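One structure is given here, and the rest of the page talks about it.
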Amino acid sequence: MIMIRAIVRPEKSDDVLAALMDAGFPAVTKFSVAGRGKQRGIKIGEVTYDEIPKTMLMSVVPATDKEFVIKTIMEAARSTGKGAFGDGKIFVSDVEEVYTISSGVKEPAEEAAA
């Protein structure tokens with residue numbers, strides 16, 4: 001199992017959620033976040049905004065589906081055909097353990113995303 005965290009433009013989050021749903025990956029956690037990347041914020045007139053609103057989408061999927069899910073997110077999150085500065089980032093990490101809170105049962109990581 002892997003965890004995919006995608007930080008995208010807020011106006012693209014619904015597009016990404018719909019694309020994941022259509023692709024068979026409905027389980028997503030959504031956060032409103034703020035931050036900055038290489039652009040170091042944005043300057044409008046005399047005001048500099050150091051942190052820009054973004055949306056973080058987090059999902060745990062089988063490792064075998066990693067490339068497909070990443071491609072689905074990238075295509076839905078791009079603001080133009082080729083993408084643009086500030087479209088976001090995707091972070092991928094391994095999931096070692098999964099627990100169900102209601103039962104307290106530790107699940108095999110392979111079955112957690114199902």
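Computed over heavy atoms, backbone and side chain alike; hydrogens, waters and symmetry mates excluded. These numbers were taken from a predicted model, which means no experiment stands behind them. For this chain, numbers begin at 1 and follow the sequence in order.
- With values rounded to the nearest 0.5 angstrom, F25 atom CZ is found 14.5 Å from L57 atom CG.
- Every pair passing side chain to side chain donor-acceptor pair (under 3.5 Å) that includes a residue from residues 14-30 is listed here, sequence neighbours excluded: K12-D15.
- Here side chain to side chain donor-acceptor pair (under 3.5 Å) pairs that include residues 51-67, with residues two or more places apart or in two chains, number zero.
- Residues I7 and F91 have side chains in contact (heavy-atom distance under 4.5 Å, counting atoms from C-beta outward).
- Here the shortest heavy-atom pairing between R78 and D87 reads CA-OD2, 3.6 Å.
- Between the CD1 atom in I90 and the CD1 atom in I4 there is a gap of 7.0 Å [rounded to 0.5 Å].
- Annotation: side chain of Y99 is not in contact with side chain of E107 (no heavy-atom distance under 4.5 Å).
- Residues V95 and I2 are not in side-chain contact: their nearest non-hydrogen atoms beyond the backbone lie 4.5 Å or more apart.
- Between R5 and S93 the shortest heavy-atom distance is NH1-OG, 3.3 Å.
- Applying the side-chain contact (heavy atoms from CB on, under 4.5 Å) test between M3 and each of V92, V61, V60, D94 identifies V60 as the sole match.
- Closest of all the heavy-atom pairs between S13 and P10 is OG-O, 3.0 Å.
- Here the side chains of K106 and V98 are not in contact, with every heavy-atom distance at 4.5 Å or above.
- The backbone N or O of S102 lies less than 3.5 Å from no partner atom in the side chain of T100, so there is not a single donor-acceptor pair.
- No more than 12 heavy atoms of other residues, nucleotides or ligands shown are found within 6.0 angstrom of CE on M21.
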